[in-house]
Number of protein chains: 2
Amino acid sequence: MSIKNIPGPGRPRDESIRTKILKTAIMILKRRGYKQATMSEIALVAQVGKQTLYRWWKNRAELLMEALLYNAEENVDARIAGDGSTALKDFIMRIFESVNKDAGVILKSLVAEGIADKKFSRIFFTTFIAKRQQTLSMMIRAHASLPEKESETVCALVDVIFGAMWYRIIFEHRPLDGKLAAFLSDLVKRVH
Amino acid sequence: MSIKNIPGPGRPRDESIRTKILKTAIMILKRRGYKQATMSEIALVAQVGKQTLYRWWKNRAELLMEALLYNAEENVDARIAGDGSTALKDFIMRIFESVNKDAGVILKSLVAEGIADKKFSRIFFTTFIAKRQQTLSMMIRAHASLPEKESETVCALVDVIFGAMWYRIIFEHRPLDGKLAAFLSDLVKRVH
DNA sequence: ACAATACAAGACCAGGAGTCTCGTAATGTC
DNA sequence: GACATTACGAGACTCCTGGTCTTGTATTGT
């Protein structure tokens with residue numbers, strides 16, 4: 001994502017500056033929202049030259065994307081092991097918690113960038129969303145009562161689950177809580 | 001939405017200019033996308049002074065919102081009458097068609113505005129989304145096999161259906177087609 | 001010492017939202 | 001018809017943001 005740090009002559013890149021910028025960006029996003037998290041503001045708060053931002057990332061969208069990945073280091077990976085009957089619900093719940101904590105604002109910001117820039121929308125989808133979809137569809141297959149589930153149905157279920165999540169992330173009309181997680185994992189069991 | 005036209009002294013407002021602006025905005029949104037649909041561009045193409053835009057609407061978000069409502073005059077209302085077994089699927093399908101035709105770009109634009117401006121997000125939700133949710137929950141209640149469905153479940157189902165729709169509107173990874181509509185209406189029947 | 005790069009600070013440019021001004025057109029009132 | 005009042009098209013203007021460029025200094029390998 002960020003521009004590579006190939007060793008050569010001259011002063012070396014300072015990795016700690018890169019993470020300082022990412023942390024600052026996340027903090028501003030959380031505290032002041034998407035619109036206030038301007039490049040100048042991030043540079044100012046991080047006490048960093050604007051050029052340094054553009055040395056590490058080629059534009060705002062790339063920086064925000066990496067902020068998301070950096071933030072998601074507490075990674076929500078598929079732990080298919082464990083009690084099979086609640087594995088799916090637990091998985092969904094873990095994602096919800098991450099969204100409720102920090103990721104929500106960042107995810108929304110990236111959607112906004114994607115709406116303004118179709119090319120970025122594709123990048124965002126392939127480098128982040130698609131991977132989550134893969135994981136979820138594995139979980140669904142494992143969780144489903146009927147084994148030979150055609151992929152069409154699994155795809156629809158993935159869109160249903162993440163769709164409901166995104167819908168509540170974007171409009172914030174209802175919380176992402178255990179009730180929804182239970183309802184969604186229940187839904188999967190009902191499909192044959 | 002648009003600023004009222006109270007009669008009084010002076011030259012009267014020209015309603016045809018208002019609709020000309022809305023049509024131009026929709027056209028630019030469809031043909032060039034959200035980012036290109038700037039206020040200056042709309043004014044230029046519509047052959048209208050920028051001040052006229054701001055006389056009718058107080059900002060870009062308001063204009064886009066009214067463009068959406070104007071575009072949605074081919075209104076997707078609940079026609080609960082008709083074959084009860086396909087009424088829900090038909091309803092969903094009609095919304096999908098409207099989105100696929102014009103509304104999709106406008107809806108996405110309004111989401112982007114909402115992400116940048118929380119206050120507008122609320123306005124968008126209450127004046128547009130909430131009404132669609134009302135209609136859909138009526139349809140669900142009518143469609144459901146079990147009559148006494150607690151409102152909690154209906155709300156979740158609404159979020160599931162519109163969630164899946166929005167998810168595909170935003171990322172465009174899969175089409176909004178009859179298959180999804182059938183799957184979703186089927187899902188409702190399976191919930192008890 | 002020297003070349004090369006990174007860094008902070010900040011000037012600079014392009015473009016968009018929103019405001020303001022100007023000259024003109026359309027209305028009601030006298 | 002004269003007048004006050006408002007709408008209109010055109011476009012200049014301010015302010016802000018994304019992104020670039022410059023300058024002076026710091027840090028590396030040779």
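Lettering follows sequence order; numbering is per chain, from 1.
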Audit row: Leu53(B), Arg60(B), side chain to side chain contact (heavy atoms under 4.5 Å, CB included) steps and yes/no: CA-CA 9 Å; Leu53(B) 266 57; Arg60(B) 177 164 121 123; over 6 Å; no

Audit row: Trp57(B), Ile21(B), side chain to side chain contact (heavy atoms under 4.5 Å, CB included) steps and yes/no: CA-CA 11 Å; Trp57(B) 302 277; Ile21(B) 293 169; 3.6 Å; yes

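Between Thr38(B) and the phosphate of dG16(C), there is no side-chain N or O to OP1/OP2 separation shorter than 4.0 Å. For the OP1/OP2 pair of dC8(D) and a distance below 4.0 Å, the side-chain nitrogens and oxygens of Arg55(B) include at least one atom meeting the criterion. The phosphate of dA17(C) has neither OP1 nor OP2 within less than 4.0 Å of any side-chain N or O from Trp57(B).
Following rounding to the nearest Å, Glu15(A) (CD) and dC7(C) (C1') show an atom-to-atom distance of 15 Å. Taking atom NZ of Lys20(B) as the reference point, atom C1' of dA7(D) lies 13 Å away to the nearest angstrom. The interatomic distance linking Leu53(B) (CG) with dA7(D) (P) rounds to 15 Å, in whole Å. Atom CD of Glu62(A) and atom C1' of dG18(D) are 14 Å apart (whole Å). In this structure, Asp14(A) atom CG and dT5(C) atom P are separated by 18 Å, rounded to whole Å. In this structure, Arg13(B) places its CZ atom 18 Å from P of dT5(D), rounding to the nearest Å. Distance, Asp117(B) CG to dA17(C) P: 14 Å, rounded to whole Å. In this structure, CG of Leu44(B) is placed 9 Å from P of dA10(D), rounded to the nearest angstrom.
Contacts of Ile17(A) with the nucleic acid, taken as non-hydrogen atoms under 4.0 Å apart, involve only primed sugar atoms and P, OP1 or OP2.
Comment: Glu15(B) engages Arg18(B) in a salt bridge, judged by a side-chain N to carboxylate O separation of less than 4.0 angstrom. By the 4.0 Å N-to-carboxylate-O rule, Asp117(A) lies too far from Lys35(B) to be salt-bridged with it.
Glu113(A) has its side chain out of reach of Met65(A): every pair of non-hydrogen atoms, C-beta onward, lies at least 4.5 Å apart.
The closest donor-acceptor contact from the side chain of Asp90(A) to the backbone of Met93(A) lies at 3.5 Å or more, if one exists at all.
Taken from NZ in Lys131(B) to CG in Leu136(B), the straight-line distance is 16.0 Å, to the nearest 0.5 Å.
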Using a 4.0 Å heavy-atom cut-off to protein, can you give one letter per nucleotide of nucleotides 18-30 of chain C, 5' to 3': B if the base is in contact, S if only the sugar-phosphate is, - if neither? BBB----BBB---

